[in-house]
Amino acid sequence: MSELSGLSDQSEAVSQNLTKVVWDTIVVGGGMVGAATALGLGQQGMRVLLLEKQPVDLTWQEDLPYQVRVSALTRASEKIIKNLGAWQGIESRRYHPFFSMRVWDELTPGEVLFSANDMNEANLGYTVENNVIQAALWEQVNTCENIEVLLDSTIESLSFENNQAWLSIEGIGLLKTELVIGADGAFSKIRQLANIGLDTHDYEQCAVVGCVKTERSHEDTCWQRYTHDGPFAFLSMGNNVSSIAWYLPTDKMQWALNLSDEAFAKEISKASDYRLGQVIEVAERGAFSLIRRHAEHYVKPNLALVGDAAHTIHPQAGQGVNLGLLDAAALVETVLNARQGNKAWGSFSVLRKYERWRRGDNALVQRSMEGFDWLFKQDASLKAVIRKPLLPLANKLTFVKNWLMGQALNGREALPKLAKTFPKS
Ligand SMILES: Cc1cc2nc3c(=O)[nH]c(=O)nc-3n(C[C@H](O)[C@H](O)[C@H](O)COP(=O)(O)OP(=O)(O)OC[C@H]3O[C@@H](n4cnc5c(N)ncnc54)[C@H](O)[C@@H]3O)c2cc1C
């Protein structure tokens with residue numbers, strides 16, 4: 001692996017080398033999903049160029065404050081990351097298994113309790129800071145000899161000719177590849193340059209996130225309360241530290257961000273129904289507008305989209321990056337199968353297999369999140385009649401409850417190989 005930081009300090013020869021090669025694939029975006037995709041292909045002998053806009057910090061100190069962005073990783077994601085050899089990088093930094101999940105509704109007494117014990121699972125997943133996941137994957141990228149990295153580059157154009165994708169990079173020239181993979185996030189330039197339309201829905205909600213310390217222990221449990229404004233969640237992290245996701249109507253976003261720490265702590269305590277007592281300390285916070293996006297197509301000849309470049313969903317069930325990692329694993333498997341069968345992996349017929357594999361599944365999860373959003377925004381009329389008995393009933397139906405959690409934890413049908421088995425240790 002060689003790391004090329006822009007062209008200012010690079011020789012002409014370097015840029016010529018990059019433009020001479022026909023890359024097996026160029027992955028644009030080295031976030032969690034792009035890095036996993038590049039690794040899955042590079043580790044199996046494909047020649048990969050990974051383009052990333054921002055430098056990735058691999059340094060680590062135990063006393064670093066908790067980051068604002070945190071993900072709840074499912075078992076399927078754990079397997080993918082382990083199979084890519086990156087789990088040690090997470091373990092050597094910071095991660096937190098959680099063993100139960102408690103969900104309740106402000107309108108009704110009682111709760112739904114999901115527990116790892118009931119499901120014969122070791123845990124229900126892990127909360128990990130996004131930068132920890134990304135750094136762990138990048139450590140493996142850096143040791144993979146088939147992956148070259150180009151940092152801080154600006155894409156000028158994308159075109160397709162002679163069964164190849166051509167990316168024009170400022171100051172470098174034309175890069176050629178059989179397959180360009182857009183892993184460049186929700187505002188994907190690759191998606192835009194490929195003229196792929198987007199189906200969008202504004203939830204008119206924002207998520208305020210960050211870490212807080214509470215009076216009482218989180219008991220290694222994730223807590224989620226449904227209110228008329230939207231859900232409120234504690235994701236368990238370190239000692240009495242939880243990452244919060246506080247969903248509010250978008251017009252309250254600035255108000256929440258501008259609150260003093262003391263007032264913010266009070267509001268969070270109230271929104272959580274004081275389940276963990278008072279919030280006694282708050283760290284840096286951030287806020288995101290919530291929009292569902294779904295690319296009309298995931299593929300074109302010589303092009304595929306993965307992760308947030310293809311879809312974004314309401315984060316209340318913490319599925320975004322988990323779906324993205326499944327995209328990565330499915331695309332890797334599709335491409336490697338084609339290569340093994342001497343087929344052109346950038347051809348439309350091959351890439352359509354990937355699209356058929358993932359698009360329906362992602363759409364289903366998106367729609368279920370919308371169903372929840374609709375239901376729990378109702379507190380009057382007939383909908384409240386449906387909403388009120390829902391959680392107490394769900395808690396009684398153990399089979400249904402465990403099935404639902406099993407789907408969320410392990411993924412649905414037709415899992416890609418990388419997400420199916422743990423690697424031999
Ligand atoms: C409030 C909130 C809470 C969430 N909680 C969870 C959760 O608990 N669990 C979960 O699974 N998901 C969660 N998600 C969703 C999750 O964060 C995203 O799905 C995930 O970050 C997507 O990863 P990605 O790699 O596809 O995209 P990104 O993380 O957006 O990465 C894209 C990468 O591409 C790079 N890039 C962009 N443009 C270019 C370019 N032109 N050239 C080169 N590089 C480029 C960027 O620098 C970045 O590194 C949450 C989302 C929100 C908003």
Side-chain angles (χ1 to χ4, degrees), residues 6 26-38 49-57 67-74 76-78 80 98 125-131 133-135 137-138 149-158 167 169-170 175 180-193 203 205-210 222 224 230-231 233-237 243-248 253 285-293 295 305-328 362 365-366 369 408-409 411:
I26 298 180
V27 180
V28 181
M32 297 177 280
V33 175
T37 311
L49 178 63
L50 175 60
L51 267 55
E52 170 53 51
K53 226 168 34 176
Q54 323 233 15
V56 181
D57 189 358
Q67 297 291 302
V68 172
R69 297 290 303 268
V70 165
S71 294
L73 294 179
T74 60
S77 293
E78 178 191 357
I80 293 171
F98 55 93
Y126 303 86
T127 45
V128 193
E129 292 146 279
N130 287 6
N131 66 336
I133 304 171
Q134 192 191 18
L137 290 163
W138 270 75
V149 172
L150 179 59
L151 292 177
D152 196 20
S153 56
T154 303
I155 298 170
E156 291 173 326
S157 67
L158 170 65
L167 270 176
I169 308 291
E170 191 181 275
L175 300 177
V180 65
I181 300 176
D184 48 348
F187 304 101
S188 169
K189 187 162 186 181
I190 292 297
R191 186 186 64 223
Q192 288 165 33
L193 290 172
Y203 289 106
Q205 252 180 14
C206 65
V208 180
V209 293
C222 290
Q224 183 136 308
F234 279 128
L235 300 182
S236 51
M237 304 282 289
S243 167
I244 58 151
W246 184 23
Y247 300 91
L248 292 168
M253 183 153 98
R285 62 195 106 132
F288 303 87
S289 299
L290 300 180
I291 309 234
R292 174 188 34 87
R293 303 177 179 85
L305 301 176
V306 286
D308 275 20
H311 48 78
T312 58
I313 69 167
H314 197 296
Q316 63 175 306
Q319 285 295 314
V321 77
N322 293 300
L323 296 179
L325 289 171
L326 284 174
D327 293 348
N362 291 333
V365 181
Q366 282 186 327
M369 290 309 107
L409 183 62

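Order of listing sets the numbers, starting from 1, for every ligand and every atom in it. Only heavy atoms go into these numbers, but all of them, side chains included; no hydrogens, no water, no symmetry mates.
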Say whether [X], considering both its backbone and side-chain N or O atoms, lies within less than 3.5 Å of an N or O atom on ligand 1.
{"X": "Lys189", "answer": "no"}
{"X": "Ala207", "answer": "no"}
{"X": "Gly34", "answer": "no"}
{"X": "Val33", "answer": "yes"}

Locate the shortest heavy-atom distance separating [X] from [Y]; write the atom from each residue and the value.
{"X": "Tyr247", "Y": "Ala207", "result": "CE2-CB, 3.7 Å"}
{"X": "Gly30", "Y": "Gln134", "result": "O-NE2, 2.8 Å"}
{"X": "Leu50", "Y": "Gly29", "result": "CD1-O, 3.7 Å"}
{"X": "Ala35", "Y": "Leu137", "result": "CB-CB, 3.9 Å"}

Minimum-distance protein heavy atom relative to [atom]:
{"atom": "atom 5 (N) of ligand 1", "value": "Val70 O, 3.7 Å"}
{"atom": "atom 36 (N) of ligand 1", "value": "Asp184 CB, 3.9 Å"}
{"atom": "atom 4 (C) of ligand 1", "value": "Pro315 CB, 3.6 Å"}
{"atom": "atom 9 (N) of ligand 1", "value": "Gly318 O, 3.0 Å"}
{"atom": "atom 46 (C) of ligand 1", "value": "Glu52 OE2, 3.5 Å"}
{"atom": "atom 15 (C) of ligand 1", "value": "Gly320 CA, 3.9 Å"}
{"atom": "atom 42 (N) of ligand 1", "value": "Val28 CG1, 3.7 Å"}
{"atom": "atom 43 (C) of ligand 1", "value": "Lys53 N, 3.4 Å"}

For the residue pair Leu167 and Ile190, establish whether any side-chain heavy-atom pair is separated by less than 4.5 Å.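 Yes - at least one pair of side-chain heavy atoms lies under 4.5 Å apart.
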Quick one, Ile169 and Ile155 - any side-chain contact, counting heavy atoms below 4.5 Å?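 Heavy-atom side-chain distance check passes, below 4.5 Å.
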Of the listed options Gln192, Arg69, Gln54, Gln134, closest to atom 51 (C) of ligand 1 (non-hydrogen atoms):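 Of the listed residues, Arg69 has the closest heavy atom.
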For atom 26 (O) of ligand 1, state which one of Thr312, Asn322, Asp308, Ile169 supplies the nearest heavy atom.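 Heavy atom nearest to atom 26 (O) of ligand 1 belongs to Asp308.
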Could you list which atoms of ligand 1 come closer than 4.0 Å to a heavy atom of [X]?
{"X": "Val209", "value": "1 (C)"}
{"X": "Gly31", "value": "25 (O), 31 (O), 33 (C), 49 (O)"}
{"X": "Ala183", "value": "32 (C), 33 (C), 34 (O)"}
{"X": "Leu51", "value": "43 (C), 44 (N)"}
{"X": "Gln319", "value": "10 (C), 11 (O)"}
{"X": "Met32", "value": "20 (C), 21 (O), 25 (O)"}
{"X": "Phe288", "value": "1 (C), 53 (C)"}
{"X": "Gly185", "value": "27 (O), 30 (O), 32 (C)"}

What distance do Asp152 atom CG and Leu51 atom CG have between them, rounded to the nearest 0.5 Å?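 Output value for this atom pair is 10.5 Å.
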Exercise check, heavy-atom protein proximity under 4.0 Å to atom 31 (O) of ligand 1: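 Protein heavy atom within 4.0 Å of atom 31 (O) of ligand 1: present.
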Run the side chain to side chain donor-acceptor pair (under 3.5 Å) test against Ser188 and tell me which residues pass, sequence neighbours left out.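 In terms of side chain to side chain donor-acceptor pair (under 3.5 Å), with neighbours along the sequence ignored, Ser188 is linked to Asp184.
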